[in-house]
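First up is the structure itself, then whatever we jot down about it.
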Amino acid sequence: MLQIQTIRDNQEDIILALGKRNIDAQPLIEKVLQLDENRRAAQTSLDNILAESNKISKEIGVLYKTGKAQEANSLKEQTVKLKEESKQLSEDLNTAEEELQTLLYQLPNAPHTSVKKGSTEEDNEEIFSEGEIPKLIEGALPHWELAKKYDIIDFELGVKIAGAGFPVYKGKGARLQRALIAYFLDKNTEAGYTEIQVPHLVNELSGYGTGQLPDKEGQMYHVTADDLYLIPTAEVPVTNIFRDVIVNESDFPISYTGYTPCFRREAGSYGAHVRGLNRLHQFDKVEIVRVEHPSKSYDALDGMVDHVKNILGELKLPYRILRLCGGDLGFTAALTFDFEVFSTAQDRWLEISSVSNFETYQANRLKLRFKDENGKNQLAHTLNGSSLALPRVLAGILENYQTTDGIKIPDVLVPYCGFDMIN
RNA sequence: GGAGAAAUGGCAGAGUGGUCGAAUGCGGCAGUCUUGAAAACUGUUGAGGGUCACACCUCCGGGGGUUCGAAUCCCUCUUUCUCCGCCA
């Protein structure tokens, strides 16, 4: 959520920045400022009445103590009117606050200056690429065919047990999954991230904290009996560790990594593009999360990008990095770099990591602050990224590493797998 | 699941209707002393709103109520602890 103070101070800049998302924020911002003014006006009137009535109450207390009950009783009558007024005003205040809140929840984060205006993924800018796109063998297969051929992933079985989008990994397929998780976690902890295990279900407040609610309500599985949500990403539980927390400036940099399954309803996705591992309701992901000083957050973002590059380099997968345009940028992000692996047999790029800086957008909702050198509380910056999302990395490995003898395991994974070939 | 107890500032812990935003201790910060450190001593130290700055307002787990006045009384929800039951 954008800070009201920031909106007040930088109205024009914010409207301009939000324009990169192709939204005309002008009317919304004007309404926000109007509501904010109403809110403050109601607050001031209410405060004055409460101050008055506090004063009278204290006088009554003194009068009773000195035995002047009669005078006290006449003062009491004065408070009746004040009470009525304060009741009305506090209702007004609540209404104004709620309206303002609702409105602020509708405003996405203001994109970073480097973000280009654009409407779809077509407008994303490629800023880096690495790795040779391999020349595949004759009769190369897409990963879902390979999965069947070597009996390592069973999509139909998943349908029987749960439904489409819930694959069952078998034998070497299951082992390769486990190897990838362990490998990613090891790489992340080597880079200084603290490994952490978190709940896979979260409450409503956590959903609001990181911005999945109310924006993406329909994308999460909701356990209504207990009013809990299955996490769509580890970002939610991990970042919410810092909800209502004031950290010390000396605690920076804060960096966590965690593996979790992720659950997404993916309402509205159909067709060939969601075949196989391309889009699932349940998938595994290793996430990295950082909490940073505002002056260091973009350095941190670069560091995270380099870290993911390093992993993909080790896996020897051809990939590219895109800077998302305004239209493709997530609701809560100020700047996002997407990593895409080339899925050779499908002849398309698959998103495998998304690394973002949220600046103070999440921190404002979370009330995640730090004490600066002047002893003032300031909002921190939050960042996160996938390091990495499993199924599409798996798809990339299966397709790019297929040979006539089977699927070769990337060297770095062999120690984790205990085998070097799936055949 | 059953029975009981509790929830106060970073932590511990007092406060049961009237200057209580809250004693005290620990911790943190600043200073004195010291070559430096420790110890000791002195001061300072919650959050939010509001203001140019003050004033002022709100917050003692959440929500609601009683009262001129609530951390203190009532209702309700949540959480934690103890005992019993069940159980990976």
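Within every chain, numbering begins at 1; the chains are lettered A, B, ... in the order of the sequence lines, protein sequences first and strands thereafter. Treat the numbers as computed from the prediction; the structure is a model and nothing was measured.
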Next on the checklist: Suppose we call two aromatic rings close when their centres sit under 6.0 Å apart. Are A:Tyr193 and A:Tyr256 close by that rule?
Outcome noted: no
Checklist entry - Above 12 or not: heavy atoms from other molecules or residues under 6.0 Å from NZ of A:Lys316? => result no
Next on the checklist: Rounding to an integer number of Å, can you tell me how far A:Asp251 CG sits from B:G10 C1'?
Outcome noted: 12 Å
Checklist entry - Aromatic rings A:His222 and A:Tyr229: how do their planes relate, parallel, tilted or perpendicular, breaks at 30° and 60°? => result parallel
Item to check | Same-atom distance (C1') from B:C81 to B:G48, integer angstrom | outcome: 31 Å
Checklist entry - Would you say B:G50 has OP1 or OP2 under 4.0 Å from some side-chain N or O of A:Arg39? => result yes
Item to check | Length of the CZ-P vector between A:Arg369 and B:G46, whole Å | outcome: 14 Å
Next on the checklist: Heavy atoms only, 4.0 Å cut-off, all strands: where does A:Lys371 land among base, sugar-phosphate and nothing?
Outcome noted: sugar-phosphate
Checklist entry - Once the angle between the rings of A:Phe370 and A:His293 is folded into 0 to 90°, is it parallel (under 30°), tilted (30 to 60°) or perpendicular (over 60°)? => result tilted
Item to check | Protein-nucleotide distance (A:Leu63, atom CG; B:U19, atom P), rounded to Å | outcome: 15 Å
Checklist entry - Once you round it to whole Å, what is the distance between P of B:C29 and CG of A:Asp372? => result 16 Å
Item to check | Cationic N near anionic O, under 4.0 Å, A:Asp244 to A:Lys367 | outcome: no
Checklist entry - Within the distance-only criterion (no hydrogens, no angle test), does the side chain of A:Arg290 pair as donor or acceptor with the backbone N or O of A:Ile254 below 3.5 angstrom? => result no
Item to check | Interatomic distance, A:Glu37 CD vs B:U51 P [rounded to whole Å] | outcome: 11 Å
Checklist entry - On a whole-Å scale, what distance lies between the C1' atoms belonging to B:U45 and B:A23? => result 16 Å
Next on the checklist: Rounding to an integer number of Å, can you tell me how far A:Asn377 CG sits from B:U45 P?
Outcome noted: 15 Å
Checklist entry - Using a cut-off of 4.0 Å between protein heavy atoms and nucleotide atoms, how would you tag nucleotides 55-78 of chain B 5' to 3' with B, S and -? => result -SSS---------BS---------
Checklist entry - Does a sphere of radius 6.0 Å around NZ in A:Lys408 hold more than 12 heavy atoms from other residues, nucleotides or ligands, not counting ones at 6.0 Å or beyond? => result yes
Checklist entry - Whole-Å distance between B:G10 C1' and A:Phe242 CZ? => result 16 Å
Next on the checklist: For the C1' atoms, the ones on B:C56 and on B:G21, what distance do you get once it is rounded to whole angstrom?
Outcome noted: 15 Å
